[in-house]
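To find a chain, count down the sequence lines: A is the first, B the second, and so on, and within it residues start at 1. Note that this is a predicted model, so its numbers are computed, not measured. The analysis underlying the following values was restricted to heavy atoms, covering all of them including side chains, and did not include hydrogens, waters or symmetry mates.
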Amino acid sequence: MNQNIFIIGGGQTTFGEHWGKSLKDLMEEAVEKALNNSSGNVLDIDLVIISNMLAEQCGRQAHLGAIASAFFPHKPPAFRVEAACGSGAAALHTACGLLESGRYKNILVVGAEKMTDASNEEIASALMGAADAEKDAKSGLTFPGIFALIARRYMYEYGLSRSDLNYVSAYHHEQAMNNPYAQFHRPIKPENVSDSPLVADPLHVLDCSPISDGAAAVLLSTDAESEVSVAASQLAADNVSITERETITSFLASREAANRAYEEAGIKPSNLNYIELHDCFSIAAVISLEDLGLATPGGGVEYFKRPSNTFSVNLSGGLKACGHPVGATGIKQILDVSRQLKTNDKEWGLAQNFGGACATCGVHILHHHTESEV
Amino acid sequence: MPEYSAIVGFGSYLPVFRITTEEIAKHWQQEAGQFEKGLGVKEKTVAGKEEDAFTMAFEAGKQAIDFFKIESSRISAVFTGSESHPYAVKPTSGMLAAALECHPFCHSADLEFACKAGTAAMQIIDSMVRSGQVDYGLAVGTDKAQSKPGDALEYTAAAGATAFVLGPAKDKKAICRIERTISFTTDTPDFWRPQGAKHPEHAGRFTGEPGYFHHVRSTIKGLFEITKIKASDPDHVVLHMPNAKFPATIARELGFTTEQMKEGFIVPYIGNTYSACSPLGLTRVLQKAKKNQRILLCSYGSGAGCDAFLLTMLKDGKPLPVDERPLKYLSYAAYRSLSL
Amino acid sequence: MFSSPAVYRSNQQVRRNLQAGTLSSFTVIKHTPADFSETERIIGLIQLADGRQVVAPLDVMDIKYITIGQKVVPRLRLNVVNKQGLRVYDAVYEVCDKQEYNEPKQKTLGYILALTGPVGVGRNSLSAILCKILDRAEKVVLLTTQPGEKRKNTKVVQKSVFADLLKTKNLVAAEINGQWFGYKKSDIQKIWEKGKIPVVVTDVALLRALAAEFGRQTVLSFGLLPPGNNKRKMLSVLYSRLSKAEYYSEKLVMSYVKQADNVLKTMKEDSSLLDHTLVNDNLDNLASDISKILGQWLNKEAV
């Protein structure tokens, strides 16, 4: 990172079923909240980047940049970035690059998704756009199906049992109880997970992140300063279809992005205090923890059974319990890490956000300048 | 121009599902014994939900090509006979020619003549080979037979496919030469299916004498006259088998023995696979017959007509690969759900 | 996805995918997306003979008949009928659900005698007697993560240790109700090297795994049933045998009896995995019956 990029404002809607709000309403609400707790002046925002995956297919709405730009009196330039469920990280990465170049000084990144207008079938079909439309979709596969194939293979390779996997979603629901923005505020017992209806064997309903509406916005600046800066922003890619991976029990793009991010920030995994990782499905949380270097291969599930006291994962409730409005998640993760670091006066945080079966993965490392430093 | 054509490769395909006469009778609360005795069929084949006349024809064609090591690009004619082509307009033969990788410059069209469309395809290919129009050609008979629930046909209407690759009789792959083939055609309303109708209709006992017996008798007698053979001459006889009774009755009348009929008599455990019926019997005979033995084949298609053939084995028959998939017996409810 | 031009292009690929392969993973999709007429589909991730991988529907009656590593063969089938009635054909892969394994993965030096049945039917007692009356028979040590297992020749192992063993690929194992049971391949090989016949005690899933690993024809499997002319009576016999044994807690006994219900059902459905099914109402008679059958089998093979 060859510029100091600070987070100078942020805000989000609650995640959930917002029958009365359109995509535009959600975006506007998140922007409003971000501006309200920002130290900067709205007219200083020189670029708006939108993160969204499904608006064209499910809402017949493209051109989201222009729509967002109209929220501001000075109509700044704006465009949208897409990388399936990793759109948030991709948008942040774009913002960091443009800030480093010096062409822009204050970029508002808005992630938003409206998923409840379309039927479940349409959404399932649309989400398959994150996989290979030609190779994967024609077999009748859905996204839960893709992660079910991954889960079964993981169980075969590492001996993970169904009852252990139950702990992941139970953990996330417990964390969400403390998050006012979360979609679910109800604790679940581990057995509830495998008792819930099967979606794609071996994954049950409670292993899967929900369909959600929501938006989150963050203001990044090289102009003004704050306690939290972006110490690393890395994006990595892999083959879209799982049929073209050498292994499906570990994601190359996660490992790549994470390793480069640790290098860029000059830290090791053991330095991390707060992590928000991409638990689109329970097995994804297990694998992501391993890919980020925070657990040994095959040992990822242990954290969710007995959380460590050296670092904390998904205190927001993760995608499972906080909700997963696809384009908004990557931005919300940044807001949560930043908030967690400031509240607890800790130094290092990481957000991992990926698209599809981790065909694109973005890892951002945030640094909080603690009291002790100052 | 070759004087004769011969079968240079053949294949067949039957689905794994079966349903017994007993199971069907039980559903309709009828006495299974009387149906088993009357029709002589103990069980029949049933196609799976994702199978149709095309997928079965593909399997049979692939077997013919792969097992006999035929260069598929040498095939430049594909004709498929069926009563259950997947489309009303879009030929099964075209889809097969592409899927089996036949030569792109290929003659092809679909045929329908009730249960004799598969043998009609053989006659067309035989002529094309003899005229020098093509080197190798593929004749397919395939059906996923439909029957009205509760109708007698339900006990026999089955599913399956056969494929014959024909080439010049002097070809070194030639297995069985077609000496002579004739056909007999009338307009006889014994069995039909109107456009758009899901199930066929039939005229009960009228399908017997004015239908099956009259046509098979006339055609075989015609073949005897033209080829100067008599009933005891062929080593193997394969007749169309709508059930076990009809072919047995006409065989007795014409002087064929059970010994001659034995190898090709497949209906008791398979049912009537319509356009693949007598061709399937032929594939069984081709695997068992010896060099120089002669085969008489006569198919019957309602509407009505017969195709009859006199064939000679040019080498000893050898067995096709055995289908090792275990058979799956269906309940009546499962059987009905598969035909939706 | 299923428009005419898309179907036309994909037809070219379909032929390339009609190859045999091995199953790397599988799932049952409970709610297929729009476009597909059935609500459920069984789909597999398959490694084809030429090294490429595909995801495709599997032709099999039930997911319980599938294991990772199984061989599959290609079939051309109807995949979907599009909104305009265009029929889209594609490769589906057939799993032989009666588990006829033709090529064993391991070089085998003999046979494995497997005693299969619900816990409490007397497999261990039987194997002890067999090893006494037959010099050639030797029991293989069973590794399990089930705490509270106190039988002889059974070693309780921590889950993490079991997981490590699984990774070394030296284990043939199966999971039942969250607990793992398995045998070390090296233990079996060692017994073969001594010129003896390894005796193993299994449930159906572990038997399947052994057959997959060593080849079906390597395993001589005996299914054991408790006496009783209906299932309730059989389960009562098991309950009383397990309780009498005194080394199981009441909780574990109940859990085993519950499992037994399933095991009996599976033994009936998967009868092709069992070479002989016998009732155990007298251990000595049973042992002599089995050794007779074994003798006949080995003599036949020797010839």
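- To the nearest 0.5 Å, the span separating CG on C/D164 from OH on A/Y158 amounts to 11.0 Å.
- Heavy-atom distances place the side chain of A/E134, and not its backbone, under 4.5 Å from chain C.
- At a 4.5 Å heavy-atom cutoff, A/P197 makes no contact with chain C through either its backbone or its side chain.
- Residue with the most contacts toward chain A among C/F26, C/F36, C/W180: C/F26 (heavy-atom pairs, distance under 4.5 Å).
- Distance alone, capped at 3.5 Å, places no donor-acceptor pair between the A/R153 side chain and the C/S25 backbone.
- Note that CZ of C/R41 is 7.5 Å distant from OG of A/S139, once rounded to the nearest 0.5 Å.
- Taken to the nearest 0.5 Å, the CE atom of A/M155 stands 7.0 Å off from the CD atom of C/E175.
- Counting heavy-atom neighbours within 6.0 Å of C/K265 NZ, excluding the residue itself, gives a total of 12 or less.
- To the nearest 0.5 Å, the span separating OG on C/S24 from CZ on A/R245 amounts to 14.0 Å.
- No more than 12 heavy atoms of other residues, nucleotides or ligands lie within 6.0 Å of CG in A/N120, so this atom counts as exposed by the packing criterion.
- For the set C/V54, C/L166, C/T32, the entry with the most heavy-atom pairs within less than 4.5 Å of chain A is C/V54.
- Contact of C/A56 with chain A is made through the backbone alone, with heavy-atom distances under 4.5 Å.
- Annotation for C/Y89: atom OH counts as buried by contact number, over 12 foreign heavy atoms lying within 6.0 Å.
- When heavy atoms are compared at a cutoff of 4.5 Å, C/F162 does not approach chain A at all.
- For A/K135, the part lying near chain C is the backbone, with the side chain staying farther off; criterion is any non-hydrogen pair under 4.5 Å.
- Note that the CG atom of C/D35 and the NZ atom of A/K138 stand 13.5 Å from one another [nearest 0.5 Å].
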Worked check of side chain to side chain contact (heavy atoms under 4.5 Å, CB included) between C/H31 and A/T142: CA-CA 8 Å; C/H31 305 281; A/T142 54; over 6 Å; no
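- Exactly one of A/L149, A/L203, A/V199 qualifies for a side-chain contact (heavy atoms from CB on, under 4.5 Å) with C/T27. That residue is A/L149.
- Applying the 6.0 Å contact sphere to CD of C/Q12 captures more than 12 heavy atoms from other residues, nucleotides or ligands.
- The side-chain contact (heavy atoms from CB on, under 4.5 Å) test with C/L45 is passed by exactly one of A/T243, A/L141, A/I150: A/T243.
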C/K30/A/L198 under side chain to side chain contact (heavy atoms under 4.5 Å, CB included): CA gap, chis, key distance, verdict: CA-CA 7 Å; C/K30 287 290 185 179; A/L198 257 183; 3.8 Å; yes
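- No part of C/R52 comes within reach of chain A, as not one of its non-hydrogen atoms sits under 4.5 angstrom from that chain.
- Counting heavy-atom pairs closer than 4.5 Å to chain C, the top-ranked of the candidates A/S163, A/S119, A/A137 is A/A137.
- Atom CE of residue C/M1 and atom OG of residue A/S125 lie 5.5 Å apart, to the nearest 0.5 angstrom.
- Only the backbone of A/R162 comes within less than 4.5 Å of a heavy atom of chain C; no side-chain atom from C-beta onward does.
- Neither the backbone nor the side chain of A/I123 comes within less than 4.5 Å of any heavy atom in chain C.
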